[in-house]
Amino acid sequence: MLANAIAALLLGSGIASAAGHGSPLTSKAGHRAVIPDWDLKSSSDVSKDLGGLSKPGVDTSSWFHASTSRCTIMGCLINAGVYNDEELWYSDNLNHVNWGQFSVPWVYRHEFALSPAKGKHFLLQTNGITSKADLFFNGKQIADKEYQSGAYAGRTYDITNLAAKENALLVQVYPTDYLYDFALGYVDWNPYPSDNGSGIWRDITVKETGSVSMGPVSVLVDIDVPVEKSPATVTVRAEAQNLESHAVEFNAAAVISGNSCSGEALKQTIKLAPGERKLVLFTQTIKKPSIWWPKQWGDQPLYTAEVTFSVNGAVSDTTRTKFGVRKVTSAVNQFNDTQYSVNGHPFQVVGGGYGADMFLRWDSNRFTRIVEYMLDMHQNTIRLEGKMEHPELYEICDEYGLMVMPGWECCDKWEAWAYNDELAVFPPPVWDANDYETANYSMIHEAAMMQHHPSVLTFLVGSDFWPNDEAVVLYANALKNAGWQTPIIASASKRGFPALLGPGGMKMDGPYDWVPPNYWYDVEPSEDRLGAAFGFGSELGAGVGTPELSSLKRFLNQSDLDDLWKNPDKNLFHMSTNASSFYNRKIYNQGLWKRYGAPTSLDDYLIKAQMMDYEATRAQYEGFGALWTASRPATGIIYWMLNNAWPSLHWNQFDYYLHPAGSYFGTKVGSRIEHVAYNYQKKEIWVINHSLDQMGPRKIDVELIDTNGKQIAQKSIQIRTKANSGFKALEISSDVNKLSSVAFLRLILSDDKGSVLSRNVYWVTKTIDELNWDESTWYYTPVTKFVDYTPLNTLATAQVSVTTGVGKHLPEVLGSQTRTVTLENKSSVPAVFIRLTLVDSKGNDVNPVSWSDNYVTLWPHEKLQLEVGGSNGSGDEIQINGKNIKATVVKL
Ligand SMILES: *[C@@H]1O[C@H](CO)[C@@H](O)[C@H](O)[C@H]1NC(C)=O
Ligand SMILES: *[C@@H]1O[C@H](CO)[C@@H](O)[C@H](O)[C@H]1NC(C)=O
Ligand SMILES: *[C@@H]1O[C@H](CO)[C@@H](O)[C@H](O)[C@H]1NC(C)=O
Ligand SMILES: *[C@@H]1O[C@H](CO)[C@@H](O)[C@H](O)[C@H]1NC(C)=O
Ligand SMILES: *[C@@H]1O[C@H](CO)[C@@H](O)[C@H](O)[C@H]1NC(C)=O
Ligand SMILES: *[C@@H]1O[C@H](CO)[C@@H](O)[C@H](O)[C@H]1NC(C)=O
Ligand SMILES: *[C@@H]1O[C@H](CO)[C@@H](O)[C@H](O)[C@H]1NC(C)=O
Ligand SMILES: CC(=O)N[C@H]1CO[C@H](CO)[C@@H](O)[C@@H]1O
């Protein structure tokens, strides 16, 4: 890729020409083709003569065959049918895989045709191989494991002189040890994959060019604020390299098109000495650019830059690159907290931390559903901690308007700094010269992949620790040389920073395990309030994310299921690693037992857990939303985590099977664009406004009722507020302080036409959970006195009727067909925490699914219309149950 050394190769000899393998992989200059599939085998089971094995015509019929261009060894073996993830992930089966088979290298092999001819050049490009590899092509070694090292280090090899009609590529991948190699680790997120993720996890491509090849294209966009009134200067840059041993003159042309952009060609004629590289620049002004916005603030118009290099009138290389016109800046405020701005508007980051699949299998369709879920939950940013995936991720985020916060991962080899005290027990070796080179090419490659994507908000060169001075210079230069324009952040924590970048302005002070909802609002004094809602929380949450029974049954056996509610302190395999602080649900369960009462069955445990999860995520997003414009602003929040690498019992906003439950709907309600929330700590009503321009006066209705449905207090106020802010609207402490037991609090925000913008119901008590801040650890703050929600266990049963109808199209919904579901409480008591599940005719969950709202609590005699869309209109029935209603099923 950009500025990569191209290995100079001697002319190959004795290249075998085997039987035909169909049409050539590449068809013309400028064509880049992916090696589409692989044969693979353990190096223990093949000849030691790897050169020989890399000649065409070797019989690989006894090898494993993976019909995918990218797969780790485990990913390939799953693809080949040797393993099956549903079985691997059931109970503790993963522990019974033969891990020993991965302690030796494995070889990947593919044969393909090319049609070499005079003037044609062929470049083999890797995009990172885990952890490192030797490459052989048509009998010759073209790279060793020192050069092709690192999961993100893309390298380019000129194979022109070795290319033949029939070709074979052989890649020997070495086992990954997270402490020694630049890989994709899971730290304490989940058990490690059996192969430590070793293998060709990213595409290897072959590109055909003429005499002049093109490196990655970067697009620099300069625009002033206000962006709505400014022209944009667009600079398209592409590196040209003369692949010949004689001077070459070529024509370079660039066409920028889209959004009524003129599309005229910008042209230059350039001469290159033998082997010379040169950066070619084109500049164009767009007078009235169409601006790219994060989803909640506007549209996502994209432009295309097409760059073509021609020699003697024939195309030599060509690339199409999409980009958007937007501006991102950041600064640290007086508290050294980072605050971003997008297109001139202060941008509160509201997001979650992404987990790649345990076996690094990429699925664009699945990722698109995840993006839809995030936008449905009103999130605006996804954090990738060292899980940078593939170009498709950024394309999808560009199209949907979801910001991306990529960066290097914590721990292991990546953060093997002398000052990293987290690594005191098993310190990895400090970096040697080759490690710096691997890091350099990793940054060069990732910067080139991401630079032009408008969704990319920033890059974090460190996570838990900042890189040392030598590494930081190398990262910053690689980003600068790639034309990087968004903020470069030193690390996701405040432990220290390199002089070159200044303070990272993000905190990583926990929590990662359960804390009560008032935690987030308990912000003073901020010196010892850790994760509470101030500053930029780069990874934090109450750790919740309990899957529902239908999902649990797919990965837990009967005794595992029993453990959930009968053995609250037991270590559980489907949590984080067994060496981590997150190997059981002890802290969470203590809260559940004390606050909601000991569970009497698995069903009882699960509904209590969903209530805990809902309370936890709602309060976190509301706390940060409310305090966004506080005296010490809450500038960003990344929930730890958005999703899991495998079916997990915690740390997610929807489970591995994409089933949304309590933590999902807590987030969705808590992050509404215009919202009204209860501050548990101060017993106040706060208004949250994430919008820039939704117009008009607003009204808030507040009502407090007891468990029998009797009204305790009622208030209404008109408000006129500011865009993009949070503020206190009303005190209700005197009413709450009078409560003798649990009560329900309903907040309704509506516009001047009476349309409800946000409806939000809480169960509250006079007291709050008491936190012992002094005893906090890096992952939680203990509670010394718990609230008592046990009266919820003896609520009178409510009668709820359910009717369905044809729905409107929901904005964020999947598929086209939606249905309305109207709930009506026929009783004089509230109907609490009603859970609706869309299922097929066999009773299996329909996922993904979009509910306008769910896990709702109805007032006595209240009628509430919801809307549901199953993927592509699917779903035959809705299962309905809740805290105090009889379970029923309604046919659609
Ligand atoms: C269920 O799985 C656990 C491991 O998680 C195992 O110890 C136990 O024996 C299994 N129980 C049954 C009934 O298969
Ligand atoms: C995976 O990495 C861990 C931690 O670095 C190491 O202990 C283990 O041996 C590795 N496994 C394999 C199969 O190489
Ligand atoms: C912010 O960081 C700077 C170093 O860049 C330091 O001098 C200053 O004391 C910090 N301010 C606060 C409020 O922590
Ligand atoms: C990083 O790569 C660039 C581009 O090839 C090179 O100029 C620079 O010397 C490299 N830096 C280090 C420290 O390897
Ligand atoms: C933790 O898990 C690893 C990998 O599965 C296993 O080798 C080790 O024995 C386990 N340790 C404990 C204490 O269970
Ligand atoms: C949010 O801000 C917009 C724009 O200023 C305003 O019209 C709207 O009423 C506000 N909504 C709330 C709930 O504050
Ligand atoms: C949606 O459903 C229709 C009718 O069952 C089917 O023809 C179509 O292929 C489906 N589309 C997708 C994207 O699943
Ligand atoms: C049976 C019953 O009380 N139904 C009431 C439910 O609430 C609606 C208002 O939301 C009333 O119209 C019904 O009479």
Side-chain angles (χ1 to χ4, degrees), residues 42 72-74 97-106 130-132 173-188 191-199 296-297 331-338 345 411-414 416 423 425-429 466 490 494-507 525-527 534-535 577 579 625-626 628-629 632 672-677 685-700 717-730 747-753 755-758 760:
S42 164
T72 64
I73 304 168
M74 276 301 285
V97 172
N98 167 15
W99 293 50
Q101 65 187 312
F102 304 115
S103 59
V104 296
W106 279 59
T130 311
S131 66
K132 47 188 180 281
V173 305
Y174 286 83
T176 300
D177 185 314
Y178 296 113
L179 297 183
Y180 291 83
D181 302 310
F182 292 93
L184 282 79
Y186 283 99
V187 199
D188 58 7
Y192 298 162
S194 326
D195 60 353
N196 280 359
S198 306
Q296 286 90 354
W297 286 353
V332 289
N333 62 18
Q334 57 171 309
F335 306 100
N336 283 345
D337 296 329
T338 285
H345 300 279
C411 321
D412 302 333
K413 183 72 183 175
W414 291 98
L423 299 176
V425 186
F426 301 110
W466 67 105
K494 284 197 171 179
R495 297 184 170 108
F497 59 89
L500 184 70
L501 297 177
M506 295 183 185
K507 64 176 182 178
S526 64
E527 298 86 81
F534 60 87
T577 63
W628 162 223
T629 43
R632 182 167 185 182
R672 281 189 187 127
I673 303 302
E674 288 192 66
H675 188 49
V676 56
I685 307 301
W686 281 63
V687 173
I688 300 168
N689 197 349
H690 292 291
S691 144
L692 289 183
D693 58 2
Q694 298 181 14
M695 296 311 277
R698 303 289 185 250
K699 178 173 168 249
I700 298 173
I717 56 160
Q718 301 286 334
I719 53 161
R720 257 188 196 282
T721 63
K722 283 216 326 266
N724 204 6
S725 63
F727 48 87
K728 182 178 124 183
L730 204 62
L747 309 178
I748 294 178
L749 174 73
S750 43
D751 66 16
D752 50 347
K753 294 177 197 74
S755 300
V756 174
L757 300 172
S758 190
N760 194 5

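Numbering of ligands and ligand atoms starts at 1, following listing order. Values below: every heavy atom of this structure, side chains too, minus hydrogens, waters and symmetry copies. Index from 1, following the sequence.
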Student: List ligand 3 atoms under 4.0 Å from Pro503, heavy atoms only on the residue side.
Tutor: 2 (O), 5 (O)
Student: Provide the number and element of each atom of ligand 2 under 4.0 Å from a heavy atom of Leu179.
Tutor: 5 (O)
Student: With a cut-off of 4.0 Å, which atoms of ligand 6 are near a heavy atom of Val687?
Tutor: 13 (C), 14 (O)
Student: Which atoms of ligand 3 sit under 4.0 Å from any heavy atom of Phe497?
Tutor: 4 (C), 5 (O)
Student: Can a donor-acceptor pair be found, under 3.5 Å and without considering hydrogens, that links the side chain of Thr338 to the backbone of Gly504?
Tutor: yes
Student: Going by an N to O cut-off under 4.0 Å, is there a salt bridge joining Asp337 and Arg632?
Tutor: yes
Student: Do Thr629 and Phe727 have side chains that get closer than 4.5 Å, going by heavy atoms?
Tutor: no
Student: Heavy atoms only: give me the nearest Tyr186-Pro193 pair and the separation to one decimal.
Tutor: CD1-CD, 3.9 Å
Student: Check this for me - ligand 6, Ile719, N or O atoms closer than 3.5 angstrom, yes or no?
Tutor: no
Student: At what distance is the nearest protein heavy atom to atom 4 (C) of ligand 6, and which residue and atom is it?
Tutor: Gln694 O, 3.4 Å
Student: In the structure I gave you, are the side-chain heavy atoms of Ile688 and Arg672 within less than 4.5 Å of one another anywhere?
Tutor: no
Student: Would you check if Ile685 and Lys728 make a side-chain contact, meaning some heavy-atom pair closer than 4.5 Å?
Tutor: no
Student: Which atoms of ligand 6 have any heavy atom of Ala723 under 4.0 Å away?
Tutor: 2 (O), 4 (C), 5 (O)
Student: Give me the residue, atom name and distance of the protein heavy atom closest to atom 11 (N) of ligand 2.
Tutor: Asn196 ND2, 2.9 Å
Student: Provide, to 0.1 Å, the distance between atom 13 (C) of ligand 2 and the closest protein heavy atom, together with that atom's residue and name.
Tutor: Phe102 O, 3.8 Å
Student: Would you indicate whether the side-chain heavy atoms of Phe102 and Met74 approach each other to under 4.5 Å?
Tutor: yes
Student: If only side-chain N and O atoms count, and only distance matters, is there a donor-acceptor pair under 3.5 Å linking Trp628 with Asn689?
Tutor: no
Student: Is Lys507 close enough and on-axis enough to Phe534, meaning under 6.0 Å and within 45°, for cation-pi?
Tutor: yes
Student: Quick test: of every protein heavy atom, which one is nearest to atom 14 (O) of ligand 6, and how far off is it to 0.1 Å?
Tutor: Thr721 OG1, 2.1 Å
Student: Report yes or no: does a heavy atom of Gly502 sit under 4.0 Å from some atom of ligand 3?
Tutor: no
Student: Quick test: of every protein heavy atom, which one is nearest to atom 5 (O) of ligand 2, and how far off is it to 0.1 Å?
Tutor: Asp177 OD1, 2.4 Å
Student: Look only at interatomic distance and state if Tyr192 has a nitrogen or oxygen under 3.5 Å from any nitrogen or oxygen of ligand 2.
Tutor: no
Student: Specify the protein heavy atom at minimum distance from atom 9 (O) of ligand 6: its residue, its atom name, and the distance to 0.1 Å.
Tutor: Gly696 O, 2.6 Å
Student: Quick check: Ser691 and ligand 6, any N/O pair under 3.5 Å apart?
Tutor: no
Student: Is Lys132 salt-bridged to Asp181, going by a charged N under 4.0 Å from an acidic O?
Tutor: yes
Student: Students should be able to answer this: which protein heavy-atom is nearest to atom 1 (C) of ligand 3, and at what distance?
Tutor: Asn336 ND2, 1.5 Å
Student: Is it the side chain, the backbone, both or neither of Val676 that has a heavy atom closer than 4.0 Å to ligand 6?
Tutor: neither
Student: How far is atom 2 (O) of ligand 6 from its nearest protein heavy atom, and which residue and atom is that?
Tutor: Asn689 ND2, 2.3 Å
Student: Hey, is ligand 3 close enough to Gln334 that some N/O pair sits below 3.5 Å?
Tutor: no
Student: Can a side-chain donor-acceptor contact be found between Thr130 and Ser198 if the only test is distance below 3.5 angstrom?
Tutor: no
Student: If you count the atoms of ligand 2 from 1 in the order shown, which ones are under 4.0 Å from a heavy atom of Thr176?
Tutor: 1 (C), 2 (O), 10 (C), 12 (C), 14 (O)
Student: Has Asp412 got any heavy atom lying under 4.0 angstrom from an atom of ligand 2?
Tutor: no
Student: Can you find a pair of side-chain heavy atoms, one from His690 and one from Asn724, that are under 4.5 Å apart?
Tutor: no
Student: Got His675 and Asn760 here, is their nearest side-chain heavy-atom distance under 4.5 Å?
Tutor: yes
Student: Show which atoms of ligand 6 fall inside a sub-4.0 Å distance from at least one heavy-atom site of Glu674.
Tutor: 8 (C), 10 (C), 11 (N), 12 (C), 13 (C)
Student: At what distance, to the nearest 0.5 angstrom, does OG1 of Thr721 lie from CD of Glu674?
Tutor: 7.0 Å
Student: Output yes when the distance from some N or O of ligand 6 to some N or O of Asp693 is under 3.5 Å, and no in every other case.
Tutor: no
